[in-house]
Protein chains: 2
Amino acid sequence: MARSKAQPYHHGQLREALASSGRALLEEKGIRGFTLRECARRAGVSHAAPAYHFASIDDLLAELAVQGFNELAAAMTAEVARAEGGATSHLVAQGVGYMAFAAGNPALFQLMFSREANRLETPALAAAAEAVRNLHAAAVEAAIPHASGEIKQRMADFAGASVHGFISLLLDGQIGGKDSSRALKARGLSLLSAMAETVVRVGS
Amino acid sequence: MARSKAQPYHHGQLREALASSGRALLEEKGIRGFTLRECARRAGVSHAAPAYHFASIDDLLAELAVQGFNELAAAMTAEVARAEGGATSHLVAQGVGYMAFAAGNPALFQLMFSREANRLETPALAAAAEAVRNLHAAAVEAAIPHASGEIKQRMADFAGASVHGFISLLLDGQIGGKDSSRALKARGLSLLSAMAETVVRVGS
DNA sequence: TTCTGCCTCTTTCCATCGTCAAGATTGAGG
DNA sequence: CCTCAATCTTGACGATGGAAAGAGGCAGAA
């Protein structure tokens, strides 16, 4: 039985294809509308094909979350690299990168910071999440190098909570329901500057 | 012709029982483990019984979210009522109430502020969520009554984001992985005081 | 080269899910 | 008492996640 070249018996990149289609599906249907069979359908394979690459649907979700954390870290460092100025503006830039990733991948972002992801508890996921936290801690550390360890930790809590909370509430529609994208960005930047100002003031 | 709650028949309080068992199930299994049939099972009725009281599983989830927002508002006002001092300490107290509710109902809290809940878009849910936002805006307003409208909005963003972000990250395990409950409360209070200080300073 | 073993994918099957349709049960009003 | 409508049960359908078994295809051994 002849098979077209487009759909050979061996896909070759099924794992990547499943992750890709899964990601699109997640953004499209949300976590409750996410199904393994639809992922397989979009990748052009049978519904049982994913089983070899992902032990379960949770395994696939964990993989997506890991990807998300890696890209989140990349977005944060990229924005910092683009920024001019000192450690304080770097802290703001890192927040901009954080929000930009979240805004571009809202459903994935929520999955990454959801109880469902936490329930997965794979080492790779924990490591990827920790890398993001370390980036953040380093930025706070650089902004207030002379502060005590306790102050640094509290300011890290504070900065992280502000940024994460703002973008979370925004993506959930709790903030700025009918505001324009431009206005929302201004509100976000305003929040970031208030956050950085407080960090520097308390930590100096 | 009469309402179901006014004319109970076999179970008598099925709607309430389903909401109650559903809430327990949600906290136990998370949003992906939440099933209508298990709710019915725990309420002691057949799998199709819920259909009369809730048009769909999303209807039940929306009801739970509405309950959650109402209780969140109650927790916030209760903590404010217990607090001594002026508007600034009331702002802190409201944050304490917010965090206390979230800590006591982590899965429900995540549902309330999830994209899934947002997708439901029932009027009752929107109203319940708005009531919480109004409580928060009023507390900020009282803390900085002489500030401009724009400053008030920015400080409301800031205060809400800090509180929501901190408890969200905490419940997801991104903050204070192995710290004691006492230490975590101290970190939360420290964050709240830094938040209130910034609000008052910027808004005065 | 041919053969053999293993990795990959398909097919088939099962228990469970949400929802619908139809039948049974019960309390209330005529 | 008797009908009737609201409530609940039973049964069914399509869809899902996962397991089991078989087929296809590649790569290394002979």
Side-chain angles (χ1 to χ4, degrees), chain A residues 1-26 28-65 111 116-117 119-120 122, chain B residues 1-26 28-65 111 116-117 119-120 122:
Chain A
M1 124 182 185
R3 255 173 205 278
S4 72
K5 286 180 184 176
Q7 297 194 350
Y9 195 94
H10 282 77
H11 188 289
Q13 309 261 45
L14 225 205
R15 172 171 255 265
E16 289 75 11
L18 287 171
S20 171
S21 63
R23 211 158 141 176
L25 181 59
L26 181 65
E28 209 172 300
K29 301 291 178 69
I31 184 69
R32 277 183 54 80
F34 183 88
T35 72
L36 207 50
R37 285 169 109 106
E38 178 65 20
C39 288
R41 231 171 272 133
R42 294 187 179 198
V45 294
S46 77
H47 69 269
Y52 189 86
H53 300 278
F54 300 99
S56 69
I57 192 172
D58 284 347
D59 246 40
L60 176 48
L61 287 174
E63 167 78 16
L64 295 184
L111 170 67
E116 304 304 310
R119 206 171 287 230
L120 304 176
T122 73
Chain B
M1 58 184 72
R3 302 189 60 82
S4 62
K5 292 205 296 192
Q7 296 194 354
Y9 138 69
H10 197 91
H11 191 286
Q13 309 258 48
L14 223 204
R15 173 173 256 266
E16 289 74 12
L18 287 170
S20 171
S21 64
R23 212 158 138 173
L25 181 60
L26 182 65
E28 209 172 300
K29 302 291 179 70
I31 185 66
R32 295 199 67 249
F34 184 88
T35 72
L36 207 49
R37 286 169 110 108
E38 178 65 19
C39 287
R41 232 172 271 132
R42 295 190 179 197
V45 294
S46 77
H47 68 269
Y52 191 87
H53 301 277
F54 299 98
S56 70
I57 192 173
D58 285 347
D59 247 40
L60 175 49
L61 287 174
E63 165 79 15
L64 295 184
L111 170 66
E116 305 304 309
R119 206 170 287 228
L120 304 176
T122 73

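Throughout, a chain's letter reflects where its sequence line sits, starting with A, and its residues are numbered from 1. The figures here come from the full heavy-atom set of this structure, side chains too, leaving out hydrogens, waters and symmetry mates.
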N/O to N/O distances under 3.5 Å, protein versus nucleotides 10-14 of chain D:
{"unit_1": "dG11(D)", "atom_1": "O6", "unit_2": "H47(B)", "atom_2": "NE2", "d": "2.8"}

Using whole Å, what does the distance between atom P of nucleotide dA21(C) and atom OH of Y52(B) come to? 16 Å
To the nearest Å, how far apart are L60(B) CG and dC17(C) C1'? 15 Å
Provide, to the nearest angstrom, the distance between the NE2 atom belonging to H53(B) and the C1' atom belonging to dA6(D). 9 Å
May I have the distance from L61(B) (atom CG) to dC17(C) (atom P), rounded to whole angstrom? 15 Å
Could you walk me through whether L64(B) and F34(B) pass side-chain contact (heavy atoms from CB on, under 4.5 Å), step by step? CA-CA 12 Å; L64(B) 295 184; F34(B) 184 88; 4.2 Å; yes
Nucleotide dC20(C), atom C1' - distance to CG of L36(B) in whole Å: 13 Å
Could you state the CD1-P distance from I57(A) to dG18(D), rounded to the nearest angstrom? 6 Å
Please answer whether the main-chain N or O of A17(B) pairs with a side-chain N or O of R42(B) as donor and acceptor at a distance below 3.5 Å. no
Does anything in residues 13-20 of chain A come within less than 4.0 Å of DNA chain C? Heavy atoms only, and list the residues if so. L14(A)
Atom pair distance, as rounded to whole Å: CZ in F34(B) and C1' in dG18(C): 12 Å
Euclidean distance, atom CZ of residue R32(A) to atom C1' of dT19(C) [Å, nearest integer]: 13 Å
Ignoring hydrogens and geometry, is there a side-chain-to-backbone donor-acceptor pair from R119(A) to K29(B) under 3.5 Å? yes
